[in-house]
Amino acid sequence: MVAARGVTKSYGALQVLKGLSLNVERGEVSCLIGPSGSGKSTFLRCINHLEKHDAGELLVEGELVGYEQRGDKLYERSAKQICGQRANIGMVFQRFNLFQHLTVMENITIGQIKVKGVDEDTARQRARELLLRVGLEAKEKAYPVQLSGGQQQRVAIARALAMEPKLMLFDEPTSALDPELVGEVLDVMRDLASSGMTMIVVTHEMGFAKEVANSVYFLDQGVIEESGAPGDVLENPRTERLRGFLSKVL
C-alpha cells in the first residue's frame, strides 16, 4: 500500500528526514515512535503531500505521491490531481482540525459533497452510519466547541472515513487529549484496525502499538534506528538509544 524509498526532507539547513525507506502492506497497522523532532510527523505529512519531500520516492498503491514521471524527470502534479490523491488518504491530526463554524453533521458531509460529488441525502446517511460507529450518533447537530476533546477526535476520524479512504494516517491522535479521554479514541482505532484498514500511526501510546501494530518503526534524528514486530522493538530493543527512549515512555 505504501512504499518509501530514500525519502529526504530539509527545512533550510536542517535535514529532518535522512533517507527513510519502509513498506506498509495492505491491511497492516504500522506505528512510528520516537522523540519529538525525529521526523515522524513530517514523514506522515509527506505521504499525502502536505509536505513536499526533497528526494526519494513515495508511492501509495504503486503511484507516486504528488509527482508524475515523464521520461527521466519528475514533475509535480496539478493541484486537482493532488486533491484526487488525498481523497484516498484519510488523515487525523493532533488538534482535530474540525471546522468550528459547522455542525458535526456538516463537518462529515462537506467533503463527501464538495470533493466526491455525493448527493446530500447519501452523504448524511453515510455520516450517521459513521457517527454510530464512533459512538456519537446523538451529536450530529452539535458544534465542535460543545464537544470534549475525545469526542472531537472521534468526529475527525468519522470525517476522514466518510471519504472512504484506502489508507488512514494518524498524527499523534491522542496527545492533545486528557488522559481519561484517550481510551475512547484508541477504541475506535482498534475497531478500524480489526476491520482491515491500512493505518500508519504516529504515537506515544506504546500499549496500543504493542497490541495493534504489525510493525513498529523507531525514528531518531531523521532515520529509522530500529524496526520490526512490536514484541521485538518494544520488549527487546537492540540499541541504547531505543532503550533510553522506552525507559521514559513506558
Side-chain angles (χ1 to χ4, degrees), residues 1-67 74 76-77 82 85-95 97 156-157 160 165-176 189 192-193 197-206 208-209 212-230 233-234 239 241-242 245-246 249:
M1 177 64 79
V2 180
R5 302 168 183 163
V7 174
T8 67
K9 173 66 181 177
S10 296
Y11 298 102
L14 177 64
Q15 190 173 23
V16 180
L17 301 177
K18 303 174 183 176
L20 259 65
S21 296
L22 59 79
N23 292 309
V24 179
E25 300 297 328
R26 189 184 310 278
E28 281 192 349
V29 178
S30 293
C31 286
L32 310 183
I33 66 171
S36 297
S38 60
K40 307 182 302 296
S41 294
T42 298
F43 177 65
L44 209 66
R45 292 170 66 86
C46 285
I47 293 174
N48 64 3
H49 209 59
L50 288 175
E51 295 284 355
K52 301 177 185 179
H53 57 287
D54 301 323
E57 290 184 333
L58 261 174
L59 300 98
V60 174
E61 287 201 309
E63 185 177 75
L64 288 170
V65 174
Y67 298 92
L74 290 180
E76 189 169 15
R77 295 178 186 272
I82 291 169
Q85 287 189 312
R86 286 197 190 119
N88 293 315
I89 305 173
M91 185 154 183
V92 177
F93 298 88
Q94 183 176 345
R95 292 283 177 180
N97 285 23
I157 293 172
K166 299 173 182 177
L167 168 69
M168 284 286 287
L169 309 176
F170 293 85
D171 189 7
E172 298 192 38
T174 60
S175 63
M189 293 172 66
L192 268 184
M197 175 63 74
T198 309
M199 298 162 59
I200 303 178
V201 185
V202 173
T203 186
H204 291 296
E205 300 291 338
M206 299 301 137
F208 173 83
V212 176
N214 299 98
S215 55
V216 174
Y217 296 86
F218 172 61
L219 276 66
D220 187 37
Q221 297 184 11
V223 299
I224 297 173
E225 290 284 355
E226 290 196 43
S227 64
V233 175
L234 300 177
T239 63
R241 183 69 187 93
L242 178 52
F245 172 75
L246 292 175
V249 298

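No hydrogens, no waters, no symmetry mates; every other heavy atom, side chains included, goes into these values.
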- Query: Between Phe43 and His53, does the ring centroid distance fall short of 6.0 Å?
  - Reply: no
- With sequence neighbours left out, what residues match Phe170 under ring pair (Phe, Tyr, Trp, His ring centres under 6.0 Å)? none
Over all atoms of both residues, closest heavy-atom pair of [X] and [Y]:
X      : Y      : result
Gly90  : Ala160 : CA-CB, 4.2 Å
Ala193 : Val29  : CB-CG2, 3.7 Å
Ala156 : Val92  : O-CG2, 4.2 Å
Val24  : Ser30  : CG2-OG, 3.5 Å
Leu219 : Gly39  : CD2-C, 4.1 Å
Ser38  : Asp220 : CB-CA, 3.8 Å

Is any side-chain heavy atom of [X] closer than 4.5 Å to a side-chain heavy atom of [Y]?
X      : Y      : result
Ser227 : Leu22  : no
Arg241 : Pro35  : yes
Leu167 : Glu61  : no
Leu242 : Glu225 : no
Leu50  : Met91  : yes
Arg86  : His49  : yes
Val60  : Asn88  : no
Val201 : Val212 : no

- Please lay out, stage by stage, how Glu76 and Ile82 fare under the test side chain to side chain contact (heavy atoms under 4.5 Å, CB included). CA-CA 9 Å; Glu76 189 169 15; Ile82 291 169; 4.0 Å; yes
Between [atom1] on residue [X] and [atom2] on residue [Y], distance to nearest 0.5 Å:
X      : Y      : atom1 : atom2 : result
Arg26  : Thr198 : CZ    : OG1   : 6.5 Å
Lys40  : Leu32  : NZ    : CG    : 8.0 Å
Ile47  : Leu59  : CD1   : CG    : 11.5 Å
Phe245 : Thr239 : CZ    : OG1   : 11.0 Å
Met1   : Asn23  : CE    : CG    : 12.5 Å
Leu246 : Leu234 : CG    : CG    : 6.0 Å

Are any side-chain N or O atoms of [X] and backbone N or O atoms of [Y], one a donor and one an acceptor, separated by less than 3.5 Å?
X     : Y     : value
Gln85 : Gly66 : yes
Arg5  : Ser21 : no
Asp54 : Ser10 : yes

- Message: Tell me if the CD atom of Gln221 is crowded by more than 12 foreign heavy atoms within 6.0 Å.
- Response: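 Atom CD in Gln221 is not crowded, with 12 or fewer foreign heavy atoms closer than 6.0 Å.
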- Task: Step by step, work out the side chain to side chain contact (heavy atoms under 4.5 Å, CB included) result for Met189 and Ile157.
- Result: CA-CA 9 Å; Met189 293 172 66; Ile157 293 172; 4.3 Å; yes
- Message: Do Thr42 and Glu51 pair up side chain to side chain, a donor and an acceptor below 3.5 Å, judged on atom types alone?
- Response: no
- Go through the structure and list residues passing side-chain hydrogen bond (donor to acceptor under 3.5 Å, both in side chains) with Asn48, not counting sequence neighbours.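 For Asn48 there are no side-chain hydrogen bond (donor to acceptor under 3.5 Å, both in side chains) partners, ignoring immediate neighbours.
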